[in-house]
Every structure is written in structure tokens, then in C-alpha cells.
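One is the number of the first residue; the rest follow in order along the sequence. All values below come from the heavy atoms of this structure, side chains included, with hydrogens, waters and symmetry mates left out.
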Amino acid sequence: MPGLVSCLGDLIVTGIIILVSDHVKSEIWTNEVSDVQFGGLGSRVTLTCGGSHGGSPVEWRFNGSSVPPWQTHEGSLTLLNTTRSMEGNYSCHDERGTLLQSIKLRLGHPPHFVNVSCNVPNHMKIYCSWVQTKITLLPTTYRTSYSVNDRRVEFCEQQHIGVNECTITNPPFWSTSKILVNITEINPLGSNSTIIQIDNHALLKPDPPEDVQVFQVEGLPTQLLVQWSYPSSWPAESMIAFPLTFLLRYRPIGSNYWSMLETEENTSLKIMGALVGHMHQIQIRAQDALINHSQWSEWSQVVEARPWIKPWEETTEEQVDYNFSIFNLSFPVRTTDKSPDSSLKSNGSLGLLLGLFAAFMVAVLLTIIVLLWTRQRKQDNVKKQELTSMVKMKSIPI
């Protein structure tokens with residue numbers, strides 16, 4: 001039974017919204033110029049000559065050309081299965097060719113449903129926008145409204161004429177999370193209402209944090225201090241009552257993996273594990289701290305920074321000319337500013353490498369000499385054994 005009562009209540013609210021929307025039809029289109037007539041494409045349209053007297057013959061013309069008489073009847077012109085080619089200026093004339101009335105015919109489609117989407121950047125505002133699902137080809141306006149649990153119908157404010165957007169100000173955020181939003185499309189052929197139910201808690205999505213800045217921490221090559229501001233769309237009075245949770249991510253440039261840090265309410269964080277000497281990318285996003293099933297904001301713009309390094313260790317990149325020719329090839333070169341001490345260390349390292357290489361070559365030569373000497377000694381022993389054997393053979397009496 002409670003579900004049935006709820007459904008009936010929603011139907012009543014829907015009916016009220018539609019009645020409120022339909023009421024605008026007469027208000028808008030009664031001011032149309034009397035010689036403009038609207039009709040539906042593909043339908044039957046009848047044009048009546050207002051200046052003719054009953055029974056008197058009337059001649060109809062379309063854009064200055066005569067219309068076949070079989071389309072006329074008692075001063076009226078009937079058009080069947082209308083197409084866009086039938087739009088234009090119609091005029092009716094008496095027997096003497098005197099103009100009695102001129103009518104401009106415009107053809108299109110009745111109002112249709114629209115696609116509605118709403119976003120909730122804070123607790124104070126709900127912004128809804130919509131797009132047509134069918135182009136009507138006729139002048140169109142919209143009546144926008146919403147209702148909440150108390151069954152009252154309120155207007156969703158449209159601030160700019162011709163822009164398909166409206167704003168719900170100070171919605172009942174904590175008394176309910178469900179709101180019915182109605183967008184009624186209206187044109188000279190009628191009206192049609194699109195009603196959707198939104199969950200403002202689930203749709204709550206702050207804008208990204210702003211003014212993200214990153215600072216080096218002097219003397220600490222693995223740390224970076226990050227500071228930012230609440231999004232400007234998050235009212236100042238909401239910062240205390242409705243704080244935000246922030247998620248920071250960072251990575252060295254070139255890495256595919258992000259490290260994450262989270263904080264509540266604070267607008268600064270210190271990165272403790274930055275990679276020494278490397279440029280890093282930093283981004284931040286926000287979420288309502290009280291409604292944990294609300295949405296995270298988009299990530300802020302990427303900010304790049306390098307941790308503090310000793311002044312004499314800073315690297316500079318030269319601009320490189322990538323012009324290519326057959327006789328002259330240019331390649332990107334990275335140079336490093338070095339102090340005298342670092343030059344001495346570099347020369348010492350080179351000398352050590354040369355010494356190790358010389359020792360290796362000497363060891364190889366000694367190994368080869370030993371192997372040759374061993375081989376020669378074995379050959380000498382074999383020859384000595386052969387001579388001894390021959391001497392013994394000769395000493396044996398025959």
C-alpha cells in the first residue's frame with residue numbers, strides 16, 4: 001500500500017506539472033501575427049480566406065503563382081500530405097484580382113520528448129540542461145519546473161532565453177534526495193512534457209580544486225609541498241558545514257604509475273617520496289566528505305615540479321637543432337654543468353678504467369704464454385720417450 005500511495009502521489013504531481021505547462025500555450029502563441037499559420041508536416045492543412053464574402057469566388061496564389069482550383073472549396077484552400085516545399089506565402093484574391101488576405105504558412109512537427117541531464121556541483125544549486133530528440137522546425141519555448149516530497153511545484157529558473165538550461169536554487173538537500181524535474185516543450189502545434197527523477201546525493205560532483213601550486217622543500221630532495229584552493233563553485237559558507245575530501249596523485253614524468261595521498265578538509269599536502277632530481281606531475285580531485293557515495297570531481301590541471309637539488313647538481317638542457325643532411329647529422333645532446341671537483345673525479349674514474357683494462361690484457365697474455373709453454377713441454381716429453389724406446393730396441397741381441 002505505501003508503494004501504491006507513492007505512485008499515486010507521483011502521478012498527481014506529474015498531472016499538476018503538465019497542467020501548469022499546458023497553461024502557457026495560450027499565453028505564448030496568441031501574440032503571433034494573424035497572417036502566419038502553422039501546420040504539421042505530412043498532415044492536412046486548410047487555409048481560410050478571411051476577407052472573402054460567403055459564396056463569392058476566390059483565387060488562391062502560392063508565391064505569386066495560381067493554385068489549381070480543385071484544391072479550393074468555398075473560399076478555403078486545402079493542402080494534403082504537406083511537405084517542406086509547400087511552405088511559403090499564400091494569398092487570396094477576388095474576381096478583380098484584389099488582394100483579400102496574405103498568409104505565411106510554416107510547417108513542422110509537434111513537440112517531442114527531450115533528453116534531460118542534471119549536475120550538482122554543490123549543495124546550493126542543481127543545473128539541468130536538455131536537447132531536443134526531434135527537430136520541430138517551429139519556434140519553440142520551454143516551461144521548466146520541479147517538485148519534492150511536499151508535492152509543491154516550483155519553477156526551475158531559466159536565466160537566458162534561447163539557452164536550454166535551468167537552475168534549481170537551494171534544493172531540499174537533506175529532507176530528500178529524490179527530485180522530479182519536468183521540462184515541457186511548447187510550439188504552435190502543442191506541448192509535450194518530459195519528467196525525470198534525479199538523486200541529488202548521487203549526482204553531487206564538485207568542480208576540480210583550483211590554484212594548485214607546488215613548492216620545493218629546501219634541503220629535502222625527496223619532498224614537495226602542494227597547496228590548492230576549494231573550487232570557486234563551492235560556496236564559502238559550505239566549506240565548514242560541507243567539507244571536501246581531497247585525493248592527490250603524483251608521478252615522475254615518464255612513469256605510467258601514480259602514487260596517491262588523501263586528506264580531509266586540509267588544502268595542502270607534503271609529498272614525502274618524490275624521486276630525487278626528477279620532474280613530477282601532480283593532480284588533485286575532490287569529493288563531498290559527508291556523502292561518501294557522491295562523485296569525485298574531475299582531476300585538476302596537471303602541474304609539473306622538481307624537488308629541491310643542490311645548486312651545483314642542477315642540469316640544463318641545450319636547445320638542439322634537428323635539421324638533417326647527408327653530410328651533417330645532428331642529435332639531441334644533454335650537457336651537465338660540472339664543478340672543478342666533479343671534473344677531477346671524472347678524470348680519476350677514466351684513469352682507473354684504463355688501468356683495469358691494461359691489467360686484463362696482461363693477464364690474457366700471461367695465460368696464453370702458460371698454455372703454449374705447457375703444450376711445448378708435453379711435446380718434448382713425447383719425443384724423449386720415443387728416443388728411449390728406440391735405444392732399447394737396438395740394444396736387444398738378434
Using modelled atom types only, decide if a donor and an acceptor are shared between the side chain of [X] and the backbone of [Y] within a distance under 3.5 Å.
X: N122; Y: M124; value: yes
X: E87; Y: G108; value: no
X: H293; Y: I291; value: no
X: R306; Y: G277; value: yes
X: S297; Y: K205; value: no

Is it true that the side chains of [X] and [Y] contain a donor and an acceptor less than 3.5 Å apart?
X: T83; Y: S85; result: yes
X: D288; Y: H123; result: yes
X: D207; Y: S233; result: yes
X: H109; Y: T136; result: no

(request) Please indicate whether Q301 has more than 12 foreign heavy atoms, meaning atoms of other residues, nucleotides or ligands, lying under 6.0 Å from its CD. (result) no
(request) Please determine if E185 and R143 form a salt bridge, counting it only when a charged side-chain N lies under 4.0 Å from a carboxylate O. (result) no
(request) Please determine if K178 and D199 form a salt bridge, counting it only when a charged side-chain N lies under 4.0 Å from a carboxylate O. (result) yes
(message) Is the distance between the ring centroids of W130 and Y142 under 6.0 Å?
(response) yes
(message) Taking the ring centre of each residue, are H93 and W60 less than 6.0 Å apart?
(response) no
(message) Applying the side chain to side chain donor-acceptor pair (under 3.5 Å) criterion to R251, which one of Q281, Q283, H280, H278 satisfies it?
(response) Q281
(message) How close do F62 and G88 get, counting heavy atoms only, and between which atoms?
(response) CE1-CA, 3.8 Å
(message) Restricting to non-hydrogen atoms, name the atom on S294 and the atom on Q287 that form the minimum distance, rounded to 0.1 Å.
(response) O-NE2, 3.0 Å
(request) Spell out, with a plain yes or no, whether C118 and C128 have SG atoms under 2.5 Å apart. (result) yes
